[in-house]
2 protein chains.
Amino acid sequence: MSQATERLRRYLDDELGECRTEDVDRRLDELGTLEAAFGTGRGEAELDVLSALANETRYTLVRVLVAAGEELCVCELNAVVDVTESGLSHALSGLVDAGLVEGRKDGRWKMYRATNRAITLVTVLEGSVSVDG
Amino acid sequence: MSQATERLRRYLDDELGECRTEDVDRRLDELGTLEAAFGTGRGEAELDVLSALANETRYTLVRVLVAAGEELCVCELNAVVDVTESGLSHALSGLVDAGLVEGRKDGRWKMYRATNRAITLVTVLEGSVSVDG
DNA sequence: GTATTAATTGAATATCTACTCAACGAACGT
DNA sequence: ACGTTCGTTGAGTAGATATTCAATTAATAC
């Protein structure tokens, strides 16, 4: 049994009382389940989305596209972020990969718009962070 | 006028037709407003929250605490993530700063639980990313 | 055809970040 | 008081990431 699990057993002994070994075993089992369900490696898709959003340039782009409510061209987006054209392209590429924006080519311009996922997340974030924090 | 804005004006000329200079100016104004509202520096609070969540260790901790629905002690959390005790402590500290978990000392144990903000965000993330993606 | 413009791609780099190690502080038992 | 255990803190480091520059593709104009 690992170091961590020994400490855990001490805590559970402390918490539940020494006489109820069955309860201790049951809670250890429950944690095993938690580990299986939530431990390293799970929830990767959400993590990709979070990583894409957790950057000033990319988050600004998503917020602008959500607020605009329509597709904007790269040249318009270039006006609201402070990176080179290349940096902007890299940023948009990351957002596409995360399913947060979609691109469409229109002649020699390229248009981007926010996906439903982006709309949902930005809305909730602005609400949850500004309101209850 | 900057490089980017020149390109933008060309796009708007193209989009709206050359004869309607007023419309072009109006859209440029609108984008100026967008830039003021969303440009660099705004939405920092949300970005802090996103940065806190966008890490495997921290996101796992938040998901476990949300799923548990009750406070868990550090020793229990240690069982579900794959970092040292010190790494775990750093992770929890970041989550507290972002308003995603709250800590309470109980004798020599320390208990952590998810805040409402964390519950909201995890719920929406799991829904939005698994369902419409 | 050539020139111009929009946008993307890849490589290089500078910065940031997550982790570990070592040392420390705080609570409890004896 | 002393030893033990829980947890945190700070420094150092290896690895990740965001950005820029240079080169390239694709579309339009002449």
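Worth saying up front: this structure is predicted, and the values here are computed from it rather than measured. In the text below, chain A, chain B and the rest are named by the order of the sequence lines, each starting its count at 1.
When only modelled atom types and interatomic distance are considered, A:Tyr112 and A:Glu102 share no side-chain donor-acceptor pair under 3.5 Å.
Side-chain nitrogen and oxygen atoms of A:Tyr11 include none within less than 4.0 Å of the OP1 or OP2 phosphate oxygen of D:dG7. For A:Tyr112 and C:dT8, the shortest distance from a side-chain N or O to OP1 or OP2 is below 4.0 Å. For B:Lys110 and D:dT8, the shortest distance from a side-chain N or O to OP1 or OP2 is below 4.0 Å. Under 4.0 angstrom from either OP1 or OP2 of D:dA18 there lies at least one side-chain N or O belonging to A:Arg58.
Spacing between atom CG of A:Leu47 and atom P of C:dA18 amounts to 11 Å, rounded to whole angstrom units. To the nearest angstrom, P of C:dT9 lies 10 Å from CG of A:Asp97. Taking atom CD of residue B:Glu76 and atom C1' of nucleotide D:dC6, one finds them 14 Å apart after rounding to whole Å. Distance CZ (A:Arg104) to P (C:dA7): 12 Å, rounded to an integer number of Å. Between the P atom of D:dG7 and the NZ atom of B:Lys105 lies a distance of 9 Å, rounded to the nearest Å. We find that CD of A:Glu56 is positioned 12 Å from P of C:dC16, with the value rounded to whole Å. We find that CG of B:Asn78 is positioned 15 Å from P of D:dT5, with the value rounded to whole Å. For the pair B:Asp106 CG and D:dG7 P, the computed distance is 10 Å after rounding to whole Å.
Once rounded to the nearest 0.5 Å, the distance linking CG of B:Asn78 with CG of A:Leu8 reads 9.0 Å. The line from CG of B:Leu121 to CD of B:Glu46 is 10.0 Å long, rounded to the nearest 0.5 Å. To the nearest 0.5 Å, the span separating CG on A:Leu77 from CE on A:Met111 amounts to 9.0 Å.
Along DNA chain D, the nucleotide nearest to A:Ser86 and the one nearest to A:Ala54 differ in position, and the one closer to the 5' end is contacted by A:Ala54. For the pair A:Glu85 and A:Leu8, nearest-nucleotide mapping onto DNA chain D gives the more 5' position to A:Leu8.
When heavy atoms are screened at a 4.0 angstrom cut-off, B:Gly107 is found touching the sugar-phosphate backbone but no base atom.
Put simply, the side chain of A:Thr57 and the base of D:dT19 share no donor and acceptor less than 3.5 Å apart. Between the base of C:dC19 and the side chain of B:Thr84 there is no donor-acceptor pair shorter than 3.5 Å. A donor N or O paired with an acceptor N or O is not found under 3.5 Å between the base of C:dT8 and the side-chain atoms of A:Ser93. Between the side chain of A:His90 and the base of C:dG10, at least one donor-acceptor pair of N or O atoms lies under 3.5 Å.
Listed by chain and number, the residues in a side-chain contact (heavy atoms from CB on, under 4.5 Å) with A:Val83 are A:Thr57, A:Val81, A:Leu88 (sequence neighbours excluded).
In this structure, of D:dT28, D:dT20, C:dA18, it is D:dT28 that holds the atom nearest to the side chain of A:Arg108.
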